[in-house]
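One structure is given below, encoded as structure tokens.
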Amino acid sequence: MPMSRFVARGIDFGTVRTEFHLPDGYPPAALAQARTASDRFASGRQDRTDLAFVTIDPPDSMDLDQALHLERTADGFVLHYAIADVGAVVEPGGVLDVETRKRGQTFYLPDGKVPLHPKELSEGSASLLPGVDRPAVVWRIELDESAERLSCTVFRAKVRSVARLEYAGVQADAEAGRLHPSIAPLPEFGRLRTAAAVARGAIELRLPEQEVVPDGDSWRVDLAPRTEADDWNAEVSLLTGMCAAAMMLDAKIGLLRTLPPAGPDAVGALRRTAAALGVDWPESVGVGALLSRLDPNSASTLVLMTEAPSLLRGADYAAFDGTLPELTSHAAIGAPYAHVTAPLRRLSDRYSTEVCLAVSAGTPVPSWARDALGSMPEIMGGSDSLASKIDRACIDLTEATVLADRVGETFDATVLRSRNGKRTADVFVPSVSVMAKCVGDPAEGEQVKIRLVSADVDKRTVEFGYPA
């Protein structure tokens, strides 16, 4: 997609922080605990510094939750996935623990983040930075030739990352045939796991994601770049979350991320949209299989990807202890799933990980983790909702500011959704990476010219009109 032509100066994202009552800093006692945190399980750790772990993250990330080492064997793969051991450095019931329960997760804004843990811990002593020994929880997963799981164990260990890699660099190295030895099998692994996801009915949305990015001393809205390397790395985390869910279900204790299957009405509506766009969709082909084979550069693909989220409604967290929840699967993944791979940035992962450690070792789940499970759905559901609102507010504010002095101009756009009978549509304007409301009756999937009718910075709204 084309890069935005327009930028905006002087955007104050502090208004968003104020609106959503985001905290500024930490209580002194919580900060002190972060600065003096030590490994409560240091004496019992395995030493796995023999494994040359590497991290793959965006270029500006310092809160590194995950490091991996992937080996191709004669009959499959062996994955070692090291996760920052937050449960070892945050004292249960302490002031830092209490503060993180108020936050739930790290909140991201264009001018900086509001972290779950103080940076001294999340970007320092607990982060899997290269060249230093770190406490970690290591998942060891054996897979067959098709990259299907054979066995899984999880244990506490001391690890050392040897390289801090970025997605774009990994993609370039893969294309040039010079991947780091620790992730040399990643493309093969990732493609096999992606194929397996389609086979089990997973629904992978490839809708362009908007993000606010700096442009010198200004800001603009862009579409977040995504490479195959992003997808390969995501498959590592998804596999680990599926292993964690299976472990907890077997033990009948844990915390799942759930999503009900799409209802027939939602699937039927998507099929009607596909038919109207001329997209061939045989009855025997599932939603995930259809979306996976669409041309990413087609306007009809953009329309269908915009409609597809209607299939994925009702995401929730399910805590259980002794009795399994009614819903145990995640429809978008096509399997049971649990969050365990981002404990520096997401609160629930700390507790789910502790459950898995106990189950794998055959020991009782610590009471501090067990007792907290029941509160996690409300805490995480609330923080997820807040994170979504913050992200949308920042994008809306930037869109309105970028376009404020462009009212009356004409733009090329793709019609994403036409709201029949209401004379409105949703459109995507690639020159400014804006998705907005348009008054008029343009047809879905059409390339049209529209006119910017209003851009209200105070209300954070943008509206176009058709015809131009």
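Computed from a predicted structure; not experimentally measured.
- Salt-bridge formation is detected for the pair Glu228/Arg191: a Lys NZ or Arg NE/NH1/NH2 atom is positioned less than 4.0 Å from an Asp or Glu carboxylate oxygen.
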Are Phe77 and Glu71 close enough, and set up right, to give a side-chain contact (heavy atoms from CB on, under 4.5 Å), and what steps lead you there?
-> CA-CA 6 Å; Phe77 303 83; Glu71 178 185 358; over 6 Å; no
Apply the test side-chain contact (heavy atoms from CB on, under 4.5 Å) to residues Phe107 and Leu22: give CA-CA distance (whole Å), side-chain angles for both, the deciding distance (0.1 Å), then the verdict.
-> CA-CA 9 Å; Phe107 300 108; Leu22 297 181; 4.2 Å; yes
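- Rounded to the nearest 0.5 Å, atoms CE (Met247) and OG (Ser352) are 12.5 Å apart.
- Using a 4.5 Å cut-off on side-chain heavy atoms (C-beta onward), Val159 and Leu51 make no contact.
- Under the 6.0 Å distance and 45° angle rule, Arg257 does not count as a cation-pi partner of Tyr337.
- Of the possible donor and acceptor atoms, one in the side chain of Thr240 sits under 3.5 Å from a partner among the backbone N and O of Val236.
- In this structure the side chain of Arg103 reaches within 4.5 angstrom of the side chain of Pro23, judged on heavy atoms.
- In this structure, the side chains of Val221 and Glu211 stay at 4.5 Å or more apart for every pair of heavy atoms.
- Separating the OG atom in Ser329 from the CG atom in Leu259 is a distance of 8.5 Å, to the nearest 0.5 Å.
- Considering all non-hydrogen atoms of both residues, Ala338 and Met248 come closest at CB-CE, 3.3 Å.
- Between Asp75 atom CG and Glu145 atom CD the span is 6.5 Å, to the nearest 0.5 Å.
- The pair Glu188-Arg72 meets the salt-bridge criterion, since a charged nitrogen lies less than 4.0 angstrom from a carboxylate oxygen.
- With respect to the salt-bridge test (charged N to carboxylate O, under 4.0 angstrom), the residues Asp50 and Arg48 qualify.
- Minimum heavy-atom separation, Leu68 to Ile56: CD2-CD1, 4.0 Å.
- Ring to ring, Phe155 and Trp139 are not that close: their centroids are 6.0 angstrom or more apart.
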Any chance you could lay out the salt bridge (charged side-chain N to carboxylate O under 4.0 Å, His left out) test for Lys449 and Asp412, step after step, and finish with the verdict?
-> CA-CA 5 Å; Lys449 289 191 178 296; Asp412 293 320; 2.6 Å; yes
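- No side-chain heavy atom of Tyr108 sits less than 4.5 Å from a side-chain heavy atom of Ile390.
- How far CD1 of Ile83 is from CG of Leu128: 7.5 Å, rounded to the nearest 0.5 Å.
- Checking side-chain atoms of Arg460 against main-chain N and O of Thr398 turns up no donor-acceptor pair under 3.5 Å.
- The closest side-chain heavy-atom distance from Leu294 to Val279 is below 4.5 Å.
- Expressed to the nearest 0.5 Å, how far CG of Asp173 lies from CG of Leu165 amounts to 7.5 Å.
- Side-chain atoms of Thr55 never come within 3.5 Å of backbone atoms of Ala67 as a donor-acceptor pair (strictly under, hydrogens ignored).
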Passes side-chain hydrogen bond (donor to acceptor under 3.5 Å, both in side chains), Thr227 versus Asp230? Steps please.
-> CA-CA 5 Å; Thr227 66; Asp230 291 75; 2.6 Å; yes
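- Using modelled atom types, one side-chain atom of Asp144 and one backbone atom of Ala147 make a donor-acceptor pair closer than 3.5 Å.
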Decide side-chain contact (heavy atoms from CB on, under 4.5 Å) for Thr73 and Leu143; before the verdict, give the C-alpha distance in whole Å, the side-chain angles of both, and the deciding distance to 0.1 Å.
-> CA-CA 9 Å; Thr73 64; Leu143 305 110; over 6 Å; no
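- Remark: Arg345 engages Asp65 in a side-chain hydrogen bond (donor to acceptor under 3.5 Å, both in side chains) (not counting sequence neighbours).
- Arg417 has a carboxylate O that lies under 4.0 Å from a charged side-chain N of Asp426, or vice versa, which qualifies the two as a salt bridge.
- The nearest pair of heavy atoms linking Tyr81 to Phe53 is N-CE2, 4.3 Å.
- Taking 4.0 Å as the cut-off between side-chain N and carboxylate O, Arg156 and Glu354 count as a salt-bridged pair.
- In this structure, the side chains of Thr328 and Leu256 come closer than 4.5 Å at one or more pairs of heavy atoms.
- For the pair Thr194 and Phe189, the minimum side-chain heavy-atom distance is 4.5 Å or more.
- Checked by atom type and distance alone, the side chain of Asp222 never pairs as donor or acceptor with a backbone atom of Ala224 at under 3.5 Å.
- Looking at every heavy atom in both residues, Arg164 comes nearest to Pro130 through CB-CG, 3.9 Å.
- Checking side-chain atoms of Ser218 against main-chain N and O of Pro214 turns up no donor-acceptor pair under 3.5 Å.
- Between the side chains of Arg134 and Ser125, no donor N or O sits under 3.5 Å from an acceptor N or O.
- Here the CZ-CG distance, from Arg272 to Leu277, works out to 13.0 Å after rounding to the nearest 0.5 Å.
- Ser182 places a side-chain N or O within donor-acceptor distance of the main-chain N or O of Ala52, the cut-off being under 3.5 Å.
- Every side-chain hydrogen bond (donor to acceptor under 3.5 Å, both in side chains) that Lys113 has, sequence neighbours left out, goes to Asp63, Glu123.
- For the residue pair Thr414 and Gln447, a side-chain donor N or O sits within less than 3.5 Å of a side-chain acceptor on the partner.
- The heavy-atom pair separating Ala202 from Ile333 by the smallest distance is CB-O, 3.4 Å.
- Between Arg226 and Glu209, no side-chain nitrogen of the basic residue sits less than 4.0 Å from a carboxylate oxygen of the acidic one, so the salt-bridge criterion is not met.
- Remark: the backbone N or O of Asp384 is not paired with any side-chain donor or acceptor of Ser388 at under 3.5 angstrom.
- Of the candidates Val132, Thr49, Asp47, Arg160 forms a side-chain contact (heavy atoms from CB on, under 4.5 Å) with just one, namely Thr49.
- Val54 places none of its side-chain heavy atoms less than 4.5 Å from the side chain of His69.
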Given the rule in the side-chain contact (heavy atoms from CB on, under 4.5 Å) test, do Thr258 and Tyr317 qualify, once you have shown the distances and angles that lead to the verdict?
-> CA-CA 6 Å; Thr258 61; Tyr317 295 84; over 6 Å; no
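- Thr401 places a side-chain N or O within 3.5 Å of a backbone atom of Leu397 that can act as its donor or acceptor partner.
- Ion pairing of Arg17 with Asp111 is present here, as a side-chain N (NZ or NE/NH1/NH2) and a carboxylate O approach within less than 4.0 Å.
- We find that Arg451 and Glu409 are not joined by a salt bridge, their nearest charged nitrogen and carboxylate oxygen being 4.0 Å or further apart.
- Of the possible polar contacts, one joining the Ser310 side chain to the Glu307 backbone as a donor-acceptor pair under 3.5 Å is found.
- Across every non-hydrogen atom of Arg350 and Pro343, the tightest pair is N-CB, 4.2 Å.
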